[in-house]
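First the structure, in the form of structure tokens, and then the observations on it.
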Amino acid sequence: MDKVFYFGSNFKMHQTPDETRQFIDSLRQMLPEDQSIQLFLIPPFTSLTTASTTLGDSGIWLGAQNMHWADTGAHTGEISPTMLTSIGVELIMLGHAERRGQFGETDEALRMKVNAAVRNDLRILLCVGENAEQRSSQIAAETVAIQLKVALADLEASYLPKLMVAYEPVWSIGEGGTPADPTIVAAMHGAIRTTLVEHLGEQARSVPVLYGGSVNPTNCAEYAALAQVDGLFVGRAAWSPAGFAEVLQLGIKANASL
Ligand code: PGA
């Protein structure tokens, strides 16, 4: 069987339930019939129920953008893993740079959230990446290694089939982000793979490592064509169904030439 190409989008704080339904309905008309891709969508909490119903049996994984590590409790304003699984969420994104940077999310908190995901049988998309200062101080690989080692400290190798990692350098994400040079992406993905294997064993060679950060129709093929890249994680460029489908098609084409 062909190697699976992973592709998804985090909607961040965009899209009402109605907009999410329209997005999914139109996207499903545009998707290729390709057995070797795995898609996922990560809308905001308020759109999850609608997304779950609209996605139906499409095979597209539904993800949430954050969760608390406890299943219930006095944690006002928080959403628990059991609440997410009860409405059909099967993937949790953890450690996005905006959660770390704007809300002070620590590697230690992420360790507890990873453990909560395991307890609740959620797939995990763990986001890691260095900021501009860490890159210019030449500690990018070390920064990402620490993020991985702390967040995954308690993970058992048997859970690896449910883990994905996204490399998202902070300096390349969102408005004002600079697209990363593919040589940086290849090197960082290699470093991530090395850390995963050292920490979790040979089975970690099959953990998908996705690239994210200002991915768009112009640059996506360069990233998808890298042997170290198992998929793409896209923000702004995939927030319309046509944009999502375009970057996906170009990515699949580039990846297929590997
Ligand atoms: P972007 O977002 O593609 O808009 O840069 C990526 C991300 O934050 O995951």
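Whatever order the structure lists ligands and atoms in, that order sets their numbers, starting from 1. In what follows, residues are counted from 1 in the order of the sequence shown.
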request  = Please step through side chain to side chain contact (heavy atoms under 4.5 Å, CB included) for the pair Leu122 and Met67, ending with a clear verdict.
outcome  = CA-CA 11 Å; Leu122 282 160; Met67 68 177 187; 3.9 Å; yes
- Message: Less than 4.0 Å is my threshold; does some heavy atom of Ser214 fall inside it relative to ligand 1?
- Response: yes
Restricting to heavy atoms, the pick from Glu168, Met93, Glu175 nearest atom 9 (O) of ligand 1 would be Glu168
_Parallel, tilted or perpendicular: which one describes the rings of Phe244 and Phe7, with boundaries at 30° and 60°?_
perpendicular
The atoms of ligand 1 lying under 4.0 Å from a heavy atom of Ile173, numbered in the order shown, are 5 (O), 7 (C), 8 (O)
The ring-ring contact (aromatic ring centres under 6.0 Å, His included) partners of His14 (sequence neighbours excluded) come to Trp239
Give the cluster check for Val170 versus Leu232: same hydrophobic cluster or not, with ILVMFWY residues linked at side-chain heavy-atom distances below 4.5 Å. no
* Parallel, tilted or perpendicular, as decided by the 30° and 60° cut-offs, for the rings of Tyr211 and Tyr223 -> tilted
Lys12 near ligand 1 by a heavy-atom separation under 4.0 Å: yes
### Task
Take Lys149 and Asp107 through the test salt bridge (charged side-chain N to carboxylate O under 4.0 Å, His left out) and record every step on the way to the result.
CA-CA 9 Å; Lys149 284 182 188 171; Asp107 290 324; over 6 Å; no
- prompt: Polar-atom distance check: Gly235 versus ligand 1, any N or O pair below 3.5 Å?
  reply: yes
Judged by heavy atoms only, the candidate from Glu98, His96, Arg236 nearest atom 1 (P) of ligand 1 is Arg236
I want to know if ligand 1 touches Gly174 in the polar sense, i.e. an N/O pair below 3.5 angstrom.
yes
